[in-house]
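Data first, discussion second: the structure below is written as structure tokens.
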Protein chains: 2
Amino acid sequence: MLDVANEAGVSKATVSRVLNKKNIVRPDVVKRVFDAIQKTGYRPNILAQNLAMRKTNFIGFVMSNVLFDGPYFSTLMNHAASFCEESNHQLVMTDGKHSKAEERDAINFLLDMKCAGIIVYSKYLNEKELAEIISRTTTPIMVLNRPVSDHPQHAITTNHYQSACLMMEHLVQNGHRSIAIIRGNPNSGTDQQRYRAYRDVLEKHGLPVDKELEQCGNWALKGGYLAAVRLLECDRRPSAILACNDDMAMGAMRAFSNAGLSLPEEISIAGFDNSNMGEYLSPSLSSVSVPLGNMVKVAILRILGENERAQLISISGSLVIRESIKSLTAPE
Amino acid sequence: MLDVANEAGVSKATVSRVLNKKNIVRPDVVKRVFDAIQKTGYRPNILAQNLAMRKTNFIGFVMSNVLFDGPYFSTLMNHAASFCEESNHQLVMTDGKHSKAEERDAINFLLDMKCAGIIVYSKYLNEKELAEIISRTTTPIMVLNRPVSDHPQHAITTNHYQSACLMMEHLVQNGHRSIAIIRGNPNSGTDQQRYRAYRDVLEKHGLPVDKELEQCGNWALKGGYLAAVRLLECDRRPSAILACNDDMAMGAMRAFSNAGLSLPEEISIAGFDNSNMGEYLSPSLSSVSVPLGNMVKVAILRILGENERAQLISISGSLVIRESIKSLTAPE
């Protein structure tokens, strides 16, 4: 800064006045300062300025690295970065690591940075703790995929129960009577909603509930594979599987192919997430499209205070029907 | 801070002295201050403190959101977050967007934050520009997957040429004489190295080079699919395909299955990246394991000044042979 002042032949205070756009500097002096800035390569510390101004164009994103591996994370980040860019903001992502304390640290770090808003995909902090964090700050904090009943405008959720019902009804309509489920993790709210839908649709149609047909795959390829191996050992093989994400569905497909079963002729399967890969599998995977992109867009619009535009965006799931479900009903 | 001082019955200066660990404060006063901090919920602005101290435990990561979609990005981030955590650092990721200027902005932002070091996966800045950025700052900047000849200690590269030669030699040893390539993007250095290996190994074994067998798939599932469709239209169908990443290999597999070809009996395929999915495809995909995790680990160790430990880590590619390549040679 001193170099700039010397180069322009003005005081440091004048340089500062020019940079802070105070209109008390003569235009020719302003020009001299800008020329000097160019010549000296001086770059003001943008972050320090932002901290002083208490406003930045950053949008923070907190997520635990436990969730980094796999298509779900890259899809989320891809949408978040694109929508930030569309609205002239810069995405800054930090790691929530493995505990409530670390998720809090990551949020606090982004608050200290004076982010315009923060999107939290929380794995450890519960609803009550998130509500407290939201009410303690004026910075808009948006919680993805988890309800916060005290602050409904700060929670962006999609109805996983409803989406799972859609897929279960589709399986039943196609004549499936013995349907197994590969759950993600029974501690996850998303998993619980999907499982409840599975049970409710079975009951609604008077179909048997069989604990043997309920396996857990921990959301992973390998877990899906192992769950399918266990399903193949059941006394009565199901005609269709509802896997609670595409990764587990793909793992299961490999297990069925190892067992010499042809898909979908001998066994049908459906996933969730509609990941890119699903379209290119053989058979291509029928799945539920979870509107992750739209959910992130709504979060960013709400951060920007554009609540009316946010309201126009659908965050409902929808079916993507491809080849992996066989119809068992006779053609009409 | 005033609340804390009032609560503890000390001056603001004393609170500050306690927080900055100056040992001139009586132990009972220290205790009173900490009790008051707990009671008032006061949280010092960590970032402002860091800026003042000119040192943080952040490790920055810059990457363009063009690369966010797909398993490559999530694998990178997963490794980066894990190794940051192992060394008690916090990963902060920013988006390099779509231009040199934006990549520079992202780096400058992380410099302003006083990161302990910055990892750059650059898509737009060239070697010369990166060299200039490296020499202009005392913050260690590590460039992933791109040589910087002026600063070899700041560039972490793996030999893609050598790895691609390994896979090509494996195909030739298995009796393949007509081998096609699905390139990523001819502007990419990684792609150029792999393509050069393809050509060199063909020439070394006196095998024909056929421009019709060289297709481009733009690193994507769909591109791989379309490239394979074009290869199927060739007069002479190749017996094996070298796809320059797993995504393109998976897209190609779907095209072959659409055409009624059975894999690997009628056509063999190999990929690069050894992505998680490959193991669960039918047939499972033979691939080249690119040591992304180790590369990130080396970058972080160099940032921490642990060059000796960094040197012990291998960043060579290796073959992962599964089911997707058929041996055409008679058993000995």
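In what follows, chains are A, B, ... by sequence order, proteins preceding strands, each numbered from 1. Side chains are part of it too, since the values below use all heavy atoms of this structure and drop only hydrogens, waters and symmetry mates.
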Top contributor to chain B contacts, counting heavy-atom pairs under 4.5 Å, from A/T75, A/V92, A/L76: A/V92
Can you tell me how far apart CG (B/D247) and CE (A/M277) are? Round to the nearest 0.5 Å. 7.5 Å
With a 4.5 Å heavy-atom cut-off (strictly below), which parts of residues 215-228 of chain A touch chain B? List them by number. A/L221, A/K222, A/Y225
Minimum heavy-atom separation for B/N65 to A/A81, with atom names? CB-CB, 3.4 Å
Looking only at B/H79, B/M93, B/H98, most heavy-atom pairs under 4.5 Å shared with chain A are made by B/M93
Looking only at heavy atoms, the pair that brings A/D95 and B/Q90 closest together is N-NE2, 2.9 Å
Rounded distance [0.5 Å steps], CG in A/L281 versus OH in B/Y280: 14.5 Å
Is chain B contacted by the side chain of A/L110, its backbone, both, or neither, given a heavy-atom distance below 4.5 Å? neither
Which atoms form the tightest heavy-atom contact between B/R254 and A/P283, and what is the distance? NH1-C, 4.0 Å
Looking at every heavy atom in both A/L91 and B/F68, which two are closest together, and how far apart are they? CD2-CE2, 4.4 Å
Closest non-hydrogen atom pair between A/H89 and B/K97, with its separation: O-NZ, 3.0 Å
Checking heavy atoms, do the side chain of B/L67, its backbone, both or neither come under 4.5 Å from chain A? neither
For A/K100, does the NZ atom have more than 12 heavy-atom neighbours from other residues, nucleotides or ligands under 6.0 Å away? yes
For residues 267-276 of chain B, please give each side-chain donor-acceptor pair under 3.5 Å, one per line with the distance, not counting sequence neighbours.
| residue | atom | partner | partner atom | Å |
| --- | --- | --- | --- | --- |
| B/S268 | OG | B/K326 | N | 2.8 |
| B/N274 | OD1 | B/R322 | NH2 | 2.9 |
| B/S275 | OG | B/D246 | OD2 | 2.9 |

At their closest point, which heavy atom of B/S74 faces which heavy atom of A/F73, and how far apart are they? CB-CD2, 3.9 Å
